[in-house]
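A short worksheet on the structure shown next.
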Amino acid sequence: MKKQCIRVACLLLSLSISACDQNKDRVFHDQFFSFGTLIDVSLYGVEQQLAESICRKIEADFMDMHVRWHAWQPGPLVSLNNHLANLEATTITPSLLQLLKEANRLSRLSSGLFNPVIGNLVELWGFHDNALPVGMLPDSVAIKELVDLHPTVEDVTINDNIISNQNPSVSYDLGGFAKGYAIDRAIERLRESGIHNAIINAGGDLRAIGQHGERPWRIGIRDPRQSGILASLEISGDASVFTSGDYERFFEVDGKRYHHIIDPRTGYPANNTASVTVIHSDAATADAAATALFVAGPDGWLSTAQNMGIQYVMLIDTHGNIHMNPAMRSRIHFESGMQANIILSAPLQ
Ligand code: ADP
Ligand code: MG
C-alpha cells in the first residue's frame, strides 16, 4: 500500500515533467521500481527494440546495485558493516571500492555534512525501514552517545582492495548518494549503446543528456509545501538535478516534523531547510551535495557549495524564503503566480 502511494506520487511528478514534452511520439518511456522509488527512463529518437532491450538491462543493473549497496538487507554492504563494527580489515570488490571512495571523497569536501557512515544514527531514527516509527522519538541519550562517538570517513582507510576502520560506530548508509551513483552508471550504459539523448529520473532526481530533438529537455522542480511544480529549468547537454526535501520521508510527534536528513553534528533532523535543489554534471555529486547543503542550511549552504564545486543551488527554508545563487536564478523559471521572497547570494565560482 505504501509502495503504491510512492509510485503514484512519483508517477505524477514524472508525468508533470513529460507533460512539458510536446513531441511525445519520439520519446520512448519505460518505468520500473527500484531504490524505493519509481525509476523513469526517457529515450529520445531510439528505435523501439533497442530501447526496450537497453531498458531491461538498466532495470537489471538497478536491481543488482540496490541489493549490493543496501545497508540493511543481506548483501555485501551489510557484511562490510559487520566487519567495520568489529574493527576487522576486509577485502571488497572493485565496484564497491569505487563507490565508497567516491562517497568518502564527497564527504570530505562537505566537511562531513554529507556523512555516509552515520548508518547507526539513521537506524536509531528508524529511517532504515520502509515503515516509519509512529509517534515516538529515539532516546536522546542514545542519540548523544552516537554523536559523541563521531563516526566520520576519516576513520576508514582504504589500501588497494582492503578496507579497515578504527571507530566501531562507523556504519555505511549510502541512502544519500547511491541513487545518484546508480543513475551515473545507467547513463554510462546508455552512452556505450550509442544513446545520447535521454533522461533517467528516480522520483524527481534525475540526469539528462543531450536534447529532446531540436529543443532542450524541460525539467520540473517540486514545490516542497504543496503538490505540483514550483519551477522548471531546461537542460541541454549533460546535467543532473537533485532535490533533498523534508517531505520525502518524515513522521510527526506533537505536531513537529522529524524527517530523514540527519545533521551529523547534532544527531537530529537538520533544522531550517525544507528543500535543496542542486544542478551538477554528475548525479552522484549532485545527490551528495543536495543532502550536504540541506544540512548546511540557509546560513551554511554557500560555503559548502563552494567547497563541493557546485555552481547551481536553490534552497527553500522552512519559512518559505528561496535562497539561490545568481547563476541558478538566471536558469530557473518560476511558475506564474509564484509568490516568495527570493534571497540572492553572492556568485559561486
Ligand atoms: P532522498 O534519498 O530522499 O532523495 P537524500 O538524498 O537527501 O534524500 O538522502 C537521505 C537519506 O540519506 C536518508 O534516508 C539517510 O539514509 C541518509 N542520510 C541522512 N542524513 C544524511 C547525512 N547527513 N549524510 C549522508 N546521508 C544521510
Ligand atoms: Mg542526496
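All ligand and atom numbering here is 1-based and tracks the order in the structure.
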Check your understanding: Of the protein's non-hydrogen atoms, which lies at the shortest distance from atom 2 (O) of ligand 1, and what is that distance?
Key -> G175 O, 3.5 Å

Exercise for review: May I ask you to list the atoms of ligand 1 that are less than 4.0 angstrom from any heavy atom of D287?
Suggested key: 6 (O)

**Study point:** Aromatic ring proximity Y258/F250, centre distance under 6.0 Å
**Key:** no

Exercise for review: Determine yes or no for a side-chain-to-main-chain donor-acceptor pair under 3.5 angstrom, with D246 supplying the side chain and S275 the backbone.
Suggested key: no

Practice item. Do me a favour and list the nearest non-hydrogen protein atom to atom 12 (O) of ligand 1 with residue, atom name and distance? Key: G176 N, 3.0 Å

Check your understanding: Under a heavy-atom criterion of less than 4.0 Å, does R249 contact ligand 1?
Key -> no

Review point. Quick one: do the N165 and D155 side chains pair a donor with an acceptor below 3.5 Å?
Key: no

Check your understanding: Is there an N/O/S atom in G176 that lies less than 2.8 Å from the Mg ion (ligand 2)?
Key -> yes

Check your understanding: Is R191 salt-bridged to E188, going by a charged N under 4.0 Å from an acidic O?
Key -> no

Review point. Can you check whether R215's main-chain N or O pairs, donor with acceptor, with H212's side chain at less than 3.5 Å?
Key: no

Practice item. Please indicate whether any nitrogen or oxygen in I262 is less than 3.5 Å from any nitrogen or oxygen in ligand 1. Key: yes

Practice item. Considering only NZ, NE, NH1 and NH2 on the basic side and carboxylate oxygens on the acidic side, decide whether R265 and D263 come within less than 4.0 Å. Key: yes

Check your understanding: Of all the N, O or S atoms in D287, which one sits nearest to the Mg ion (ligand 2)?
Key -> OD1

Check your understanding: Mind checking whether F127 has an N or O less than 3.5 Å away from an N or O of ligand 1?
Key -> no

Practice item. Considering only non-hydrogen protein atoms, determine which one is nearest to atom 25 (C) of ligand 1 and report residue, atom name and distance to 0.1 Å. Key: N115 O, 3.2 Å

Review point. Any N or O of T291 that comes nearer than 3.5 Å to an N or O of ligand 1?
Key: yes

Check your understanding: Heavy-atom distance under 4.5 Å between the side chains of I279 and M328, does that happen here?
Key -> yes

Practice item. Please answer whether the main-chain N or O of S169 pairs with a side-chain N or O of N167 as donor and acceptor at a distance below 3.5 Å. Key: yes

Revision key, fill the gap. If we number the atoms of ligand 1 from 1 as shown, the ones under 4.0 Å from a heavy atom of D205 are 4 (O)

Exercise for review: Confirm or rule out an N/O/S atom of T291, from backbone or side chain, lying less than 2.8 Å from the Mg ion (ligand 2).
Suggested key: yes

Review point. Any Lys/Arg nitrogen of E59 or R56 sitting under 4.0 Å from an Asp/Glu carboxylate oxygen of the other?
Key: yes

**Study point:** Distance filter under 4.0 Å to D173 heavy atoms, resulting ligand 1 atoms
**Key:** 15 (C), 16 (O), 17 (C)

Check your understanding: For ligand 1, which atoms have a heavy atom of F114 less than 4.0 angstrom away?
Key -> 24 (N), 25 (C)

Revision key, fill the gap. Atoms of ligand 1 under 4.0 Å from any heavy atom of K179, numbered from 1 in the order shown, are 2 (O), 4 (O)

Point to revise | Protein heavy-atom partner closest to atom 1 (P) of ligand 1 - residue, atom, separation in Å | key: H260 NE2, 3.8 Å

Practice item. Evaluate the side-chain proximity of S140 to Y268: yes if any heavy-atom separation is below 4.5 Å, no if none is. Key: yes

Practice item. Could you tell me if any non-hydrogen atom of L113 lies under 4.0 Å from any atom of ligand 1? Key: yes

Check your understanding: Is ligand 1 less than 4.0 angstrom away from at least one heavy atom of P264?
Key -> yes

Review point. If we only count N/O pairs under 3.5 Å, is S244 in contact with ligand 1?
Key: yes

**Study point:** R108 and E154 ion-paired at < 4.0 Å
**Key:** yes

Review point. Looking at D64 and R68, does any basic side-chain N land under 4.0 Å from a carboxylate oxygen?
Key: yes

Review point. Taking only heavy atoms of I261, which atoms of ligand 1 are found under 4.0 Å from at least one of them?
Key: 7 (O), 19 (C), 20 (N)

